[in-house]
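A short write-up of the structure that comes next.
Remember, it's a predicted structure, so these values are computed and weren't measured experimentally. The figures here come from the full heavy-atom set of this structure, side chains too, leaving out hydrogens, waters and symmetry mates.
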Amino acid sequence: MSSKYDVLVIGGGNAALCAAIAARRGGASVLVLEGAPKFYRGGNTRHTRNMRCAHDAATEILTGPYTEEEFWEDLLRVTGGQTDEVLARHMIRESKDILNWIVEQGVRWQPSLGGTLSLGRTNSFFLGGGRAMLNALYLTAERLGVDVEYDAEVTDLVIEDGMFLAARLKRPIRGETEIRATSLVAAAGGFEANIEWLKQYWGDAADNFLIRGTPYNRGSILKMLLDKGVQEVGDPTQCHAVAIDARAPKFDGGIITRHDSVVFGIVVNKHAQRFYDEGEDIWPKRYAIWGRLVAAQPDQIAYIIFDSTVVTSFMPTLFPPIAGQTIGELAGKLELDPAALEKTITEFNAAVRPGTFDHTILDDCVTEGITPPKTHWARKIETPPYLAYPVRPGITFTYLGTRVNKEARMQMADGKPSANMFAAGEIMAGNVLGKGYAAGMGMTIGSVFGRIAGREAAKHARN
């Protein structure tokens with residue numbers, strides 16, 4: 001392994017590989033440092049399924065157009081306006097090219113899934129899922145001559161006056177070394193797997209968080225960059241967090257622990273009380289708010305309650321629902337107060353108004369006279385067996401990151417652009433995602449800014 005490269009990429013997921021491939025195609029010598037062992041390479045990309053890209057017409061895999069303006073409106077809605085409009089619109093515009101560019105790098109699409117996901121028009125799904133997508137990118141990178149080092153823990157970054165000089169590296173067998181490079185691309189993820197760092201902002205509640213993805217995203221590279229003068233962006237308490245099964249493992253549970261059943265029932269806390277409108281909007285635009293909602297409940301636990309009429313309406317998960325022939329029996333199994341749960345469900349059922357149920361649109365099945373309301377898809381819970389999933393906050397990735405410009409170039413705390421440091425993926429997602437999330441946006445951020453970062457890093461190295 002050479003100790004001097006044109007471009008050094010730190011990270012091993014989608015953003016890192018897109019950067020490495022783009023830099024190599026731009027004529028640069030490239031080294032990728034992946035902190036995980038080879039089997040666990042790829043960060044959170046291993047658990048992904050799809051990507052959201054703008055496109056002007058239906059394709060073989062997408063059922064209709066998804067314009068730049070509609071993408072922007074969706075992003076604006078989920079973030080509540082907390083986004084850098086210039087960067088966001090730039091990302092959306094560039095995403096139109098990614099659909100074809102990513103195929104040129106060996107990735108294959110499959111027809112988008114339908115049903116409750118409602119993504120057939122907006123999101124492209126990877127054939128074989130995230131791991132297959134990742135394997136294709138690694139294969140292409142290696143065929144192009146990109147060097148990859150696994151189990152490569154970066155212990156320090158040498159940065160002077162906004163210029164990257166070298167990375168100090170610790171490896172299990174070959175020990176410590178220093179890698180010098182003309183340009184740096186940081187694509188090493190957020191700090192979601194660092195519970196102690198999460199506790200700085202969430203307190204002891206973070207002990208009850210589950211981490212949906214890799215245990216290797218501990219934020220060490222992010223912390224080094226911020227400590228060495230890179231300007232930060234984003235609220236440290238904001239993140240992509242969904243409600244996942246409380247029985248899931250602490251780390252790496254992935255997509256199969258996520259629950260998509262919320263819109264078909266009600267959600268109660270440990271006191272058997274509802275606390276939010278389960279039918280606020282189409283599920284892919286709202287699923288990512290439920291992690292934070294559950295995090296705000298006592299002991300960070302909640303329960304999705306539904307009946308036997310809807311069990312085939314949503315994608316099943318790894319864990320079976322907990323069942324009871326009566327509400328009281330179900331409450332006992334969930335260790336909830338039976339009288340409180342019966343009261344909540346009785347009041348909910350009484351508030352349901354007749355309508356025409358249609359999970360694909362904002363239908364007219366509503367409640368009246370209760371708080372919180374259920375503004376769509378409200379149907380009585382009255383057919384045994386009664387079923388429930390226990391859920392906890394599942395953190396996907398954090399939004400605190402490095403500020404970048406349209407070239408994916410990091411900005412320093414003094415407002416000046418870095419001479420040779422670029423960022424892509426989760427580590428800079430807070431530029432676009434001030435809060436909230438919509439399905440597939442993380443992969444869009446990674447692919448678009450990864451490609452830009454690699455291209456610009458190679459350009460700097462050539463010059």
Inset, instruction - Hey, can you tell me if W197 and F191 have their rings parallel, tilted or perpendicular (30° and 60° cut-offs)? - result: parallel

Would you give me the side-chain donor-acceptor pairs under 3.5 Å for residues 385-392, sequence neighbours excluded?
from: Y386; atom 1: OH; to: E382; atom 2: O; distance (Å): 3.2
from: R392; atom 1: NH1; to: D299; atom 2: O; distance (Å): 2.7
from: R392; atom 1: NH1; to: Q300; atom 2: O; distance (Å): 2.9

Legend entry - Pairs meeting criterion salt bridge (charged side-chain N to carboxylate O under 4.0 Å, His left out) with involvement of residues 352-366, two or more places apart: R353-E368

Legend entry - Validation row: N208, W202 side chains within 4.5 angstrom (heavy atoms): no

Legend entry - Contacts of D227 that satisfy side-chain hydrogen bond (donor to acceptor under 3.5 Å, both in side chains) - sequence neighbours left out: K223

Legend entry - D281: partners by side-chain hydrogen bond (donor to acceptor under 3.5 Å, both in side chains), with sequence neighbours left out: none

Inset, instruction - Measure up the Y287 and H240 rings against each other and bin them: parallel (under 30°), tilted (30 to 60°), perpendicular (over 60°). - result: perpendicular

Inset, instruction - Indicate yes or no for a side-chain donor-acceptor contact from S95 to the backbone of A54 under 3.5 Å, with no hydrogens or angles considered. - result: yes

Legend entry - Side-chain touch V311/F306, heavy atoms, less than 4.5 angstrom: yes

Inset, instruction - Any chance you could measure T45, atom OG1, to L137, atom CG, to the nearest 0.5 Å? - result: 8.5 Å

Legend entry - Flag side-chain contact, heavy atom, 4.5 Å: I256 against T317: no

Inset, instruction - Mind checking side chain to side chain contact (heavy atoms under 4.5 Å, CB included) for N269 and listing every partner two or more places apart, or none if nothing turns up? - result: H271, Q273, F275, Q297, P298

Inset, instruction - Please confirm whether the backbone N or O of V404 pairs with a side-chain atom of N431, one donor and one acceptor, at under 3.5 Å? - result: yes

Inset, instruction - Apply ring-ring contact (aromatic ring centres under 6.0 Å, His included) to W101 and list each qualifying residue two or more places apart in sequence or on a separate chain. - result: none

Inset, instruction - First locate atom OH of Y399, then atom CG of L433, and finally report the distance between them rounded to the nearest 0.5 Å. - result: 4.5 Å

Inset, instruction - Ignoring hydrogens and angles, tell me if any N or O in the side chain of T83 forms a donor-acceptor pair with the backbone of V432 under 3.5 Å. - result: yes

Legend entry - Any side-chain heavy-atom pair of E70 and R121 under 4.5 Å: yes

Legend entry - Note, T398 side chain near Y201 side chain (heavy atom, < 4.5 Å): no

Legend entry - Sequence neighbours excluded, every pair satisfying salt bridge (charged side-chain N to carboxylate O under 4.0 Å, His left out) that has a member inside residues 238-247: D245-R247

Inset, instruction - Any side-chain hydrogen bond (donor to acceptor under 3.5 Å, both in side chains) involving residues 325-341? Give me the pairs, sequence neighbours left out, ordered by first then second residue. - result: none

Legend entry - Donor-acceptor under 3.5 Å (N44 side chain, T214 main chain): yes

Inset, instruction - Measure the spacing between CG of N217 and CZ of F397 and express it to the nearest 0.5 Å. - result: 10.5 Å

Legend entry - Atom NZ of K343: over 12 foreign heavy atoms under 6.0 Å: no

Legend entry - Centroid-centroid under 6.0 Å between W109 and F126 rings: yes

Inset, instruction - Not counting sequence neighbours, which residues clear side-chain hydrogen bond (donor to acceptor under 3.5 Å, both in side chains) with D151? List them please. - result: none

Inset, instruction - Answer yes or no: is there a donor N or O on one side and an acceptor on the other, between the side chain of N194 and the main chain of R218, under 3.5 Å? - result: yes

Inset, instruction - Could you tell me which non-hydrogen atom of L198 sits nearest to which non-hydrogen atom of A206, and how far apart they are? - result: CB-CB, 3.9 Å

Inset, instruction - Supply the atom-to-atom distance M51 CE to I98 CD1, rounded to the nearest 0.5 angstrom. - result: 6.5 Å

Legend entry - side chain to side chain contact (heavy atoms under 4.5 Å, CB included) assessment of L362 paired with W377: CA-CA 8 Å; L362 299 175; W377 314 300; 3.9 Å; yes

Inset, instruction - Evaluate the side chain to side chain contact (heavy atoms under 4.5 Å, CB included) criterion for residues M421 and M412: first the C-alpha distance (whole Å), next the side-chain angles of each, then the deciding distance (0.1 Å), finally the verdict. - result: CA-CA 10 Å; M421 297 192 296; M412 305 307 292; 3.9 Å; yes

Inset, instruction - Establish, from distance only, whether the side-chain atoms of Q411 and R403 form a donor-acceptor pair under 3.5 Å. - result: no

Inset, instruction - For residues L17 and Q105, determine if any side-chain heavy atom of one lies less than 4.5 Å from a side-chain heavy atom of the other. - result: no

Inset, instruction - Decide, yes or no, whether a salt bridge links E278 with K374 under the criterion of side-chain N to carboxylate O below 4.0 Å. - result: no

Inset, instruction - Answer yes or no: is there a side-chain heavy-atom contact under 4.5 Å between K250 and L210? - result: yes

Inset, instruction - Cation-pi check, R274 to F348: give yes when NZ or CZ is under 6.0 Å from the six-membered ring centre and within 45° of the ring axis, no otherwise. - result: no

Inset, instruction - Answer yes or no: is there a side-chain heavy-atom contact under 4.5 Å between I452 and F422? - result: no

Inset, instruction - Would you indicate whether K96, at its atom NZ, is surrounded by more than 12 heavy atoms from other residues, nucleotides or ligands within a distance under 6.0 Å? - result: yes

Donor-acceptor pairs under 3.5 Å, side chain of residues 436-449 to any protein atom, not counting sequence neighbours: which ones?
from: Y437; atom 1: OH; to: M441; atom 2: N; distance (Å): 3.3
from: Y437; atom 1: OH; to: G442; atom 2: N; distance (Å): 2.8
from: T444; atom 1: OG1; to: R52; atom 2: N; distance (Å): 3.3
from: T444; atom 1: OG1; to: R52; atom 2: O; distance (Å): 2.6
from: T444; atom 1: OG1; to: G440; atom 2: O; distance (Å): 2.9
from: S447; atom 1: OG; to: N14; atom 2: OD1; distance (Å): 3.2
from: S447; atom 1: OG; to: N14; atom 2: ND2; distance (Å): 3.0
from: S447; atom 1: OG; to: M443; atom 2: O; distance (Å): 3.1

Inset, instruction - Say whether, by atom type as modelled, one donor and one acceptor occur between the side chain of K170 and the main chain of T155 under 3.5 angstrom. - result: no

Inset, instruction - Taking only Lys NZ, Arg NE, NH1 and NH2, and the carboxylate oxygens of Asp or Glu, determine whether E34 and R41 approach each other closer than 4.0 Å. - result: no

Inset, instruction - Look at the rings of F357 and F264 and say which category their plane angle falls in: under 30° parallel, 30 to 60° tilted, over 60° perpendicular. - result: tilted

Inset, instruction - Please round to the nearest 0.5 Å and tell me the distance separating atom CZ of R212 and atom NE2 of H47. - result: 9.0 Å

Inset, instruction - Hey, could you give me each pair passing salt bridge (charged side-chain N to carboxylate O under 4.0 Å, His left out) that has a residue in residues 425-443? Not counting sequence neighbours. - result: none

Inset, instruction - Would you mind checking if D307 and R379 are paired as a salt bridge, meaning a charged N to carboxylate O distance below 4.0 Å? - result: no

Inset, instruction - Please check if the distance between the ring centroids of Y40 and F251 is under 6.0 Å. - result: no

Legend entry - Residues which pass side-chain hydrogen bond (donor to acceptor under 3.5 Å, both in side chains) with D277, listed by chain and number, not counting sequence neighbours: T375

Legend entry - Short side-chain to backbone donor-acceptor contact, T344 and A272, under 3.5 Å: yes

Legend entry - Donor on one side chain, acceptor on other, S418 and R409, under 3.5 Å: no

Legend entry - Pairwise distance CG(L400) to CD1(I427) - rounded to 0.5 angstrom: 9.5 Å

